Protein chains: 2
Amino acid sequence: MKVTIYDVAKEANVSIATVSNVINKKGRIGEKTRKRVHEAMEKLNYEPNMLASALTGKQTKTIGLIIPDLANPFFSELARSIEDRAHELSYNIVICSTDYQEEKENKYISLLKQKRVDGFILASGFENLERVQELMKEDIPVVIVARDYPNFSINAVALDDYMGGYQAANHLLQLGHKNIGFIALDVYSNRERIRGFKDALREHHIEPRKDLHFIEDKKQSLVKAGNISAIEYLESEEIPTAVFACNDLLAIGAIQAIKEAGLNVPDDISIVGFDNTSIATIVDPPLTTMSQPIQRMGREVMDLIISIFKGERDDEVRITLVPDLVKRKSTKEV
Amino acid sequence: MKVTIYDVAKEANVSIATVSNVINKKGRIGEKTRKRVHEAMEKLNYEPNMLASALTGKQTKTIGLIIPDLANPFFSELARSIEDRAHELSYNIVICSTDYQEEKENKYISLLKQKRVDGFILASGFENLERVQELMKEDIPVVIVARDYPNFSINAVALDDYMGGYQAANHLLQLGHKNIGFIALDVYSNRERIRGFKDALREHHIEPRKDLHFIEDKKQSLVKAGNISAIEYLESEEIPTAVFACNDLLAIGAIQAIKEAGLNVPDDISIVGFDNTSIATIVDPPLTTMSQPIQRMGREVMDLIISIFKGERDDEVRITLVPDLVKRKSTKEV
DNA sequence: CCCTTTAAGTTAAGCGCTTTACTAATAGGT
DNA sequence: ACCTATTAGTAAAGCGCTTAACTTAAAGGG
């Protein structure tokens, strides 16, 4: 059978309370006793049962991370950076991919609640905030990452998506582009990016194209979606000279479509992406893209949730990071 | 306070045992009582505490997944496919990235043992099997995926790496290449692939190049590693006409180096990769690569570990899947 | 009509810890 | 020598559940 605290106590000739205290460095314990207990633990190869200890009110040292899709490089890189910080702080991460499906969001949240995770990091769509509000009402720490909910009081590490879109557009405008398309999903962050994008155009007295629209279908692969959207542009009356894609995967799909149509990126059409995942450097041409500080976000969001655990936060915190334009080879003056 | 089984019992006017039995569909319970209990749970918004239930000997419904690096597309895609199957079976996955560091492997395993995960899925290096044997000795279910340990009795869903290397080499040989380099990490799977690779060459009476070696440094990015290795070949006496890279990331690094040297893939040098991750279709040229059946592996490994939970396995099972050559545009006859 | 079954629950112990309140023993002060 | 502090440790309750053993009441059998 598994060795328990009782076995250790017996071996060391002390009470279980003393063993517990030694483990948790609490209470008053003599040097000799401490040593005896440690030896006993060593000898028996004792591993404390965290379930039992969590049952008495201590943390489970586990955090739920809910994201749309682990196979998407942006999220796997974000998850990795969160995991790294979590590891430093002795937490584990349980990762759940929702595919933007509310049903999965709900099921995962409920499952993780039953497992008494210490808190949630949400990076999923969650267009519907009901679930999130429920968590908050139950005093379960929640932090949002890579997504913001203005007008809603919640802890978040967000990216200034509006600014990102604005900058992307500006870059293109400075290169002299006037006929610019966009490719975006119908999710909050993308809508914000496009808002910034359009505002930038208008500041330059350019009316956004009329055929612009958001991609509704969230079940297809993003590369495919980008591909299809680009084809629409290629078949339109006036082919744009530049396209702003709201993430790198969409951008890549677009590049493929353009190449297949016998055109060249950036000579015929410039592309700017968003995220700056590792694949941005891998495609040909290397993608000019808005860089999200993924490492930084992972770290900040972990530190934020930890500070909530510690009760160091009385009011909500909203950390907004600013994306950066990374110029590579997919854009060019017109 | 959190609502417990006692609250439900009181509300429904039954004993906690009855509530427990209703939840677990055990014992004999009248239709009316069952309904009353359900209503009470509904009304109070009851969520069973899995910690408590696990403490009594039931499963935690949580599985530890240990991989080298979540940011590597092969592993994030594998993790995703495992997660999907796990979700169907109502399990959660806690993911740990080890970077091939034994220290992290050990720390993660120990942490997860304390959390009493139901079992481990290992996809990490684990050159040192000590830890794994310990787990097995303690009767904790362990399954290996994407890695095999011949001469060691363990449950595994493996890829026939030898065959993969053999096929990759054969493809190149059939295209007429004679001077072929390879790029590989010093990990078991890669060594096997190279063994197959070399055997294929020898069957064609071609002696492998003398400057072939494995990459030792596991801390740099794989793309970078592939890049460096390729440069070595480019600067060698006889530049190879083809290179076999043991994973897609290495292949991509090699392609970049070749392009930067002003040469063309596949005209000057053919490249074949390994894994067939989603990025293989994204690079330019699209990568010819050995395809690992990632979806299949994820599913098989989950089903395998579940069958172990159920005690359906008396002896160990080793499922070996065979990789497939996917021809794209990065190889060409010499 | 009495005894055995069967159905429908209940009681209470136990899972492995944490923690509060308590005890015992020694040291310190005068 | 007597009382108070202080130190080192213990006993026992409780966390929220499962489950084996038991109870009670109604039904069935002869």
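All of these numbers come straight from a predicted model, not from anything done at the bench. Every chain is numbered from 1 and lettered A, B, ... according to where its sequence line falls, protein lines coming before strand lines. Reckoned from all heavy atoms, side chains included, excluding hydrogens, waters and symmetry mates.
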>> In this structure, how many angstroms lie between the P atom of C:dC17 and the NZ atom of A:Lys58, rounded?
In response: 12 Å
> Does B:Asn24 place a side-chain N or O at less than 4.0 Å from the phosphate oxygens OP1/OP2 of D:dT18?
Replying inline: yes
> Which whole-number value in Å describes the distance from A:Arg36 CZ to D:dA8 C1'?
Replying inline: 12 Å
>> From CG of B:Leu51 over to C1' of D:dC17, roughly how many Å is that when rounded to an integer?
In response: 10 Å
> Starting at CG of A:Asn49 and ending at P of D:dC15, how long is that distance when rounded to a whole Å?
Replying inline: 18 Å
> Counting side-chain heavy atoms from C-beta on, which of C:dT19, D:dT19, C:dG9 comes nearest to A:Ser20?
Replying inline: C:dT19
> For B:Leu55 and B:Thr18, take the nucleotide of DNA chain D holding the closest heavy atom to each; which residue's nucleotide lies nearer the 5' end?
Replying inline: B:Leu55
>> Is there a side-chain contact between A:Val14 and A:Val22 in this structure, where contact means two heavy atoms from C-beta onward sitting under 4.5 Å apart?
In response: no
> NZ of B:Lys35: more than 12 outside heavy atoms within 6.0 angstrom?
Replying inline: no
> With a non-hydrogen cut-off below 4.0 angstrom, is B:Ile29 in contact with a base, only sugar-phosphate, or nothing?
Replying inline: sugar-phosphate
> Between B:Pro73 and B:Thr277, which heavy-atom pair has the shortest distance, and what is it?
Replying inline: C-CG2, 3.9 Å
> Looking at A:Ala79 and B:Leu70, what are the two nearest heavy atoms and their distance?
Replying inline: CB-CD2, 3.7 Å
> Considering the options B:Glu42, B:Glu39, B:Met41, which one meets the side-chain contact (heavy atoms from CB on, under 4.5 Å) requirement together with B:Val8?
Replying inline: B:Met41
> With A:Tyr108, which residues qualify under ring-ring contact (aromatic ring centres under 6.0 Å, His included), at least two apart?
Replying inline: B:His87
>> By nearest atom, which of the nucleotides D:dT19, D:dC17, C:dT19 is closest to the B:Pro48 side chain?
In response: D:dC17
> With a 4.0 Å cut-off on heavy atoms, is A:Lys26 in touch with a base, just the backbone sugar-phosphate, or nothing at all?
Replying inline: sugar-phosphate
>> Nearest to the B:Asn21 side chain among C:dC17, D:dG16, D:dT19, which nucleotide is it?
In response: D:dT19
> What integer distance in Å separates B:Gln114:CD from C:dC15:P?
Replying inline: 20 Å
> Can you list, by residue number, the residues of residues 4-17 of chain A that have a non-hydrogen atom closer than 4.0 angstrom to DNA chain D?
Replying inline: A:Val14, A:Ser15, A:Ala17
> Which part of the nucleic acid does A:Ser53 contact within heavy-atom distance under 4.0 Å: base, sugar-phosphate only, or nothing?
Replying inline: sugar-phosphate
> Roughly, in whole Å, what's the span from CZ in B:Arg34 to C1' in C:dG9?
Replying inline: 13 Å
>> Suppose we screen for ring-ring contact (aromatic ring centres under 6.0 Å, His included). Which residues come up paired with A:Phe309, at least two apart in sequence or across chains?
In response: A:Tyr91
> If you check every side-chain atom of A:Thr56, which of D:dG14, D:dG9, C:dT10 has the closest atom?
Replying inline: D:dG14
> Given that B:Ala52 and B:Glu31 both sit by DNA chain C, which one's nearest nucleotide is further toward the 5' end?
Replying inline: B:Glu31
> How long is the line joining CZ of A:Arg116 and C1' of D:dC17, in whole Å?
Replying inline: 11 Å
> C:dA8 C1' sits how many Å from B:Arg28 CZ, rounded?
Replying inline: 8 Å
> What pair of heavy atoms forms the shortest contact from B:Arg313 to B:Leu304, and how long is it?
Replying inline: NE-CD1, 3.9 Å
>> Regarding B:Gly57, tell me which of base, sugar-phosphate or nothing describes its non-hydrogen contacts under 4.0 Å with the strands shown.
In response: nothing
